[in-house]
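Worksheet: the structure to be examined is printed underneath.
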Amino acid sequence: MEISFKGKKVLVGGGSRGIGRSIALAFVESGADVAICARGSKDLKVAEAELRKHGTKIFSMACDLGDESQVTGYVNEAAKALGGIDVLINNASGVGMKDDESGWLASVNIDLFGTVRATRAAIPFLEKTKGSIVNISSISGLRAVPRSLPYAAIKAALINYTMRQGLALEAKQITFNAIAPASIEFPGGIRDSRKTSEP
């Protein structure tokens, strides 16, 4: 079954590789106009070129989702370039795997606060279109695992945030959902690197 998103305006945070890149590709293949952001400009340009092959409107911008002003700037510029926002995908992750200060800060600042920042910035646009927000959580947020404590705890918080925001913004007719995928293998990702480090 084919689903058409023709004419829809979609923003993907962390859209240069992995899950985010695949999400962006799926949307353009379904006819949507798509904006992507990422910290690394090299991967971002490669992903942008790949998306442009499908003939829809594409916007990309380097953005550190750990910086509130950059997030607000990205959302506003993307909305301007695409002509509004129908869907926001909060996908980026700081991948805080170690139970230390840096691991917790990475997960809190990117996975959680990055989502909160992008959501706040996008709400005025989504209210106009009665749009949707999809937060990418993880199966780690649903079950106990003996590793990656910061990542798992913050992904669980993201699920709770999604449910509460869905209720809080119900009157604005903005739909909230969280998706909790299991480990995804892609070049340069954690699962790919563990094949070498822990064969």
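In this text the structure is predicted, and so the values were computed from the model without any measurement. These numbers come from the heavy atoms of this one structure, side chains and all, not from hydrogens, waters or symmetry mates.
- A distance of 13.0 Å separates OG in Ser4 from CD in Glu29, rounded to the nearest 0.5 Å.
- Here the side chain of Thr56 pairs no donor or acceptor atom with the backbone of Val28 at under 3.5 angstrom.
- For residues 156-175, the pairs satisfying salt bridge (charged side-chain N to carboxylate O under 4.0 Å, His left out) are Glu127-Lys172, with sequence neighbours left out.
- Residue Asn177 holds its CG atom at 11.5 Å from CE of Met163, rounded to the nearest 0.5 Å.
- Considering NE2 of His54 and OG of Ser30, their distance stands at 10.0 Å, rounded to 0.5 Å.
- Grouping the Ile, Leu, Val, Met, Phe, Trp and Tyr side chains by contacts below 4.5 angstrom, directly or via other members, places Val134 with Ile36.
- Between Phe5 and Phe27, the angle of the ring planes goes over 60°, which puts this pair in the perpendicular group of the 30/60° scheme.
- Although no hydrogens or angles enter the test, the distance criterion places no donor-acceptor pair under 3.5 Å between the side chain of Arg52 and the main chain of Ala47.
- Contact detail for Val87 and Leu126: the closest heavy-atom pair is N-CD2, 4.0 Å.
- Contact record, Val12 with Tyr74: O-OH, 3.5 Å, taken as the closest heavy-atom pair.
- Taken from CD in Gln165 to CZ in Arg120, the straight-line distance is 8.5 Å, to the nearest 0.5 Å.
- When all heavy atoms of Trp104 and Asp99 are compared, the closest pair comes out as NE1-OD1, 2.8 Å.
- Put simply, Val116 and Val108 are part of the same group of oily side chains (I, L, V, M, F, W, Y) that touch within less than 4.5 Å, one to the next.
- Around atom CZ of Phe113, no more than 12 heavy atoms belonging to other residues, nucleotides or ligands sit under 6.0 Å away.
- Remark: the backbone N or O of Asp64 is paired with a side-chain donor or acceptor of Gln70 at under 3.5 angstrom.
- By the 4.5 Å heavy-atom criterion applied to side chains, Ile123 and Ile174 are counted as neighbours.
- In this structure, OH in Tyr161 is found 7.0 Å from CG in Asn135, a value given to the nearest 0.5 Å.
- Rounded to the nearest 0.5 angstrom, Leu11 CG and Cys37 SG are separated by 8.0 Å.
- Taking a cutoff of 4.0 Å between a charged side-chain nitrogen and a carboxylate oxygen, Glu77 and Lys80 do not qualify as a salt bridge.
- Remark: side-chain polar atoms of Asn91 are paired, donor with acceptor, to backbone N or O of Gly14 under 3.5 angstrom.
- Annotation: side chain of Leu25 is in contact with side chain of Leu51 (closest heavy-atom distance under 4.5 Å).
- Hydrophobic cluster membership is shared by Leu169 and Phe125, with clusters built from Ile, Leu, Val, Met, Phe, Trp and Tyr side chains linked at under 4.5 angstrom.
- For Ser107 (side chain) and Gly96 (main-chain N/O), a donor-acceptor pair under 3.5 Å exists by modelled atom type.
- Contact record, Ser60 with Leu44: CB-CG, 4.0 Å, taken as the closest heavy-atom pair.
- When every heavy atom of Asn90 is checked against every heavy atom of Ala118, the shortest pair comes out as OD1-CB, 3.3 Å.
- Between the side chain of Asn76 and the backbone N or O of Thr72, at least one donor-acceptor pair lies under 3.5 Å.
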Trace of the side chain to side chain contact (heavy atoms under 4.5 Å, CB included) decision for Val75 with Ile85: CA-CA 9 Å; Val75 171; Ile85 305 173; 3.8 Å; yes
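- With sequence neighbours left out, the side chain to side chain contact (heavy atoms under 4.5 Å, CB included) criterion links Ser22 to no other residue.
- A donor-acceptor contact closer than 3.5 angstrom links the side chains of Arg117 and Asn109.
- With sequence neighbours excluded, no residue forms a side-chain hydrogen bond (donor to acceptor under 3.5 Å, both in side chains) with Ser132.
- Contact of the Phe59 side chain with the Val34 side chain is not registered, since no non-hydrogen atoms from C-beta on lie closer than 4.5 Å.
- Pro150 approaches Gly103 most closely through the heavy-atom pair CB-O, 3.6 Å.
- Between the Asp86 side chain and the Lys9 main chain, a donor and an acceptor come within less than 3.5 Å of each other.
- Transitive grouping of hydrophobic side chains (ILVMFWY, heavy atoms separated by less than 4.5 Å) brings Leu88 and Met61 into a common cluster.
- Remark: side-chain polar atoms of Arg39 are not paired, donor with acceptor, to backbone N or O of Ala62 under 3.5 angstrom.
- The backbone N or O of Lys155 sits less than 3.5 Å from a side-chain atom of Ser137, completing a donor-acceptor pair.
- Hydrophobic cluster membership is shared by Val10 and Ile3, with clusters built from Ile, Leu, Val, Met, Phe, Trp and Tyr side chains linked at under 4.5 angstrom.
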